Amino acid sequence: MKTMIVAAGFAAMPVLALAQTTEIETAVGAVTVPVAPETVVTFDLAALDTLTALGVPVAAVPVIAPPAYLADAFDGTPKVGTLFEPDFEALAVMAPDFIIAGGRSQSQVEPLSAIAPTIDMTISGDNLLSDAQARVTAYGTMFAQQDTATALLADLDAAIENARSVTDGQGNALIVLTNGGKVSAYGDDSRFGWLHTALGLPEAFPELNAETHGEAISFEFIAEVNPDWIFVVDRGAAIGQEGEAAAVTLDNPLVAGTTAGQNDQIVYLDSARLYLVGGGYQSMTGTIDEVVAAFSAEPS
């Protein structure tokens, strides 16, 4: 026998009446979910990242070239469509107990709910750190991994505190994303803004507008702002797209003449980790490690 649970912003979701349930926070508020569902499918890469960190296996994932650190989680795991177009027929045959969507698959939450209980675990860019921490807690509760979740969050807090101590007094930073020959900049209230707010990196240009795709900038802008550090996200590399690499795009006299360029302080981050899996636990800790390594490197 099944009963129906309806949460704000969700379609009616079938849940086994005899199953133990708990309440967790999602992108649309508190939702009642089953405890430790056995067959779980995720269409949210940040969720897959954090579930992997918690030691929770998933039954199926979307078709996508994953970041290297998530390769094992994808290897041999059934694929059930893409982030934007789930394979509903394959899902119906699999009959999962639970589905997690969010981010790029957020629009699929309602149709996926016809297959199995589905939650929206989208992580918002302007609240990325707090949302990411909340997701660790939620998954820990849902999958009866509370102790592991607590330990992970303690490690994340320690990593952030260490990063703040390393970056303190080391100058300002500009975060840029390259897409072929185009360049955009991201401020402290953007999807990459947690690098400023959480790690204590002052903005080189605080007036940047918060936009999903950043604010388009020129090389002249970079030269005028003259950042001490430039952190680079290469969108093409992140999604496996052929085209001009970020290092080629930024290889010009205007960028080279900045303080960042002169002091070898242009840092090319693991773009797939940051761009595709923003808010995943391992994504965040890996990026923090990259920032700490950059600031700890001996001057060339």
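Note that the numbering runs from 1 along the sequence shown for the chain. Please read these numbers as outputs of a predicted model, since none were measured by experiment. Values below: all heavy atoms of this structure, side chains included; hydrogens, waters and symmetry mates excluded.
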Identify every side-chain donor-acceptor pair in residues 284-292 under 3.5 Å, counting partners at least two apart or on other chains, and give the distances.
| residue | atom | partner | partner atom | Å |
| --- | --- | --- | --- | --- |
| Thr285 | OG1 | Tyr281 | O | 3.2 |
| Thr285 | OG1 | Gln282 | O | 3.2 |
| Thr287 | OG1 | Ser283 | O | 3.0 |
| Glu290 | OE1 | Asp270 | N | 3.3 |
| Glu290 | OE2 | Asp270 | N | 2.8 |

Name every donor-acceptor pair, under 3.5 Å, that has one atom in a side chain of residues 149-164 and the other anywhere in the protein, sequence neighbours excluded.
| residue | atom | partner | partner atom | Å |
| --- | --- | --- | --- | --- |
| Thr150 | OG1 | Gln146 | O | 3.0 |
| Arg164 | NH1 | Thr197 | O | 3.1 |
| Arg164 | NH1 | Ala198 | O | 2.8 |

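Taken from CG in Leu112 to CZ in Phe98, the straight-line distance is 11.5 Å, to the nearest 0.5 Å. Rounding to the nearest 0.5 Å places CG of Leu51 at 6.5 Å from OG1 of Thr42. In this structure, Leu269 CG and Phe192 CZ are separated by 9.0 Å, a value rounded to the nearest 0.5 Å.
Partner of Pro62 under the side chain to side chain contact (heavy atoms under 4.5 Å, CB included) criterion, out of Leu83, Val41, Asp44: Leu83 alone. Between Ile100 and the choices Ile119, Val109, Asp120, the side chain to side chain contact (heavy atoms under 4.5 Å, CB included) rule is met once, by Ile119.
Every residue meeting the side chain to side chain donor-acceptor pair (under 3.5 Å) condition with Thr249, not counting sequence neighbours, appears here in chain and number order: Glu244. Considering only residues two or more places apart in sequence or on other chains, Trp194 meets the ring pair (Phe, Tyr, Trp, His ring centres under 6.0 Å) condition with none of them. Considering only residues two or more places apart in sequence or on other chains, Gln170 meets the side chain to side chain donor-acceptor pair (under 3.5 Å) condition with none of them. Take Ser107 and apply the side-chain contact (heavy atoms from CB on, under 4.5 Å) test, not counting sequence neighbours, and it matches no residue. Qualifying ring pair (Phe, Tyr, Trp, His ring centres under 6.0 Å) partners for Tyr275, counting only residues two or more places apart in sequence or in other chains: none. By the ring pair (Phe, Tyr, Trp, His ring centres under 6.0 Å) test, Phe221 is found to be paired with Phe205, residues two or more places apart in sequence or in another chain being considered. Remark: Asp131 pairs with Ile123, Ser124, Asn127, Arg135 by the side-chain contact (heavy atoms from CB on, under 4.5 Å) rule, at least two apart or across chains. Taking the side chain to side chain donor-acceptor pair (under 3.5 Å) definition, one finds that Thr148 meets it with Gln145, sequence neighbours left out. Legend: residues meeting side chain to side chain donor-acceptor pair (under 3.5 Å) with Thr259, ordered by chain and number and at least two apart, are Asn226.
A donor-acceptor contact shorter than 3.5 Å is absent between the side chain of Thr167 and the backbone of Ser165. Distance alone, capped at 3.5 Å, places no donor-acceptor pair between the Thr52 side chain and the Ala73 backbone. Between the side chain of Glu23 and the main chain of Ala30, no donor-acceptor pair closer than 3.5 Å is present. Checked by atom type and distance alone, the side chain of Asn172 never pairs as donor or acceptor with a backbone atom of Glu203 at under 3.5 Å. Between the Asp188 side chain and the His196 main chain, no donor and acceptor come within less than 3.5 Å of each other.
Contact record, Ala272 with Pro67: O-CG, 3.9 Å, taken as the closest heavy-atom pair. Looking at every heavy atom in both residues, Val255 comes nearest to Leu250 through CB-O, 3.4 Å. Looking at every heavy atom in both residues, Met94 comes nearest to Ala60 through CE-CB, 3.7 Å. Minimum heavy-atom separation, Gly261 to Ile266: CA-CD1, 3.9 Å. Minimum heavy-atom separation, Ala132 to Gly279: CB-O, 3.2 Å. Residues Gly55 and Pro57 share a closest heavy-atom pair of O-CD, 3.5 Å.
Within a 6.0 Å radius of CD in Glu38, no more than 12 heavy atoms belonging to other residues, nucleotides or ligands are found. Crowding of Glu224 atom CD: a count of heavy atoms from other residues, nucleotides or ligands under 6.0 Å not exceeding 12.
Residues Val248 and Ile230 fall into different hydrophobic clusters, defined by Ile, Leu, Val, Met, Phe, Trp and Tyr side chains chained together at heavy-atom separations under 4.5 Å. No continuous path of ILVMFWY side-chain contacts below 4.5 Å connects Phe88 to Val63, so the two sit in separate hydrophobic clusters.
Applying the side chain to side chain donor-acceptor pair (under 3.5 Å) rule to pairs touching residues 68-91 yields Asp49-Tyr69, sequence neighbours excluded.
In this structure, Pro34 and Asp97 have side chains that are not in contact, with every pair of non-hydrogen atoms separated by 4.5 Å or more. Under the 4.5 Å side-chain criterion, counting only non-hydrogen atoms from C-beta, Thr258 is not in contact with Gln265.
Aromatic ring orientation, Phe231 versus Trp229: parallel (interplanar angle below 30°, classes split at 30° and 60°).
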Subject >> Verdict with reasoning, Val80 to Phe43, per side chain to side chain contact (heavy atoms under 4.5 Å, CB included) >> reply: CA-CA 9 Å; Val80 282; Phe43 285 90; 3.7 Å; yes
**OP:** For the pair Val40 and Phe143, evaluate side chain to side chain contact (heavy atoms under 4.5 Å, CB included) and give the outcome as yes or no after the intermediate values.
**Re:** CA-CA 11 Å; Val40 179; Phe143 293 96; 3.7 Å; yes
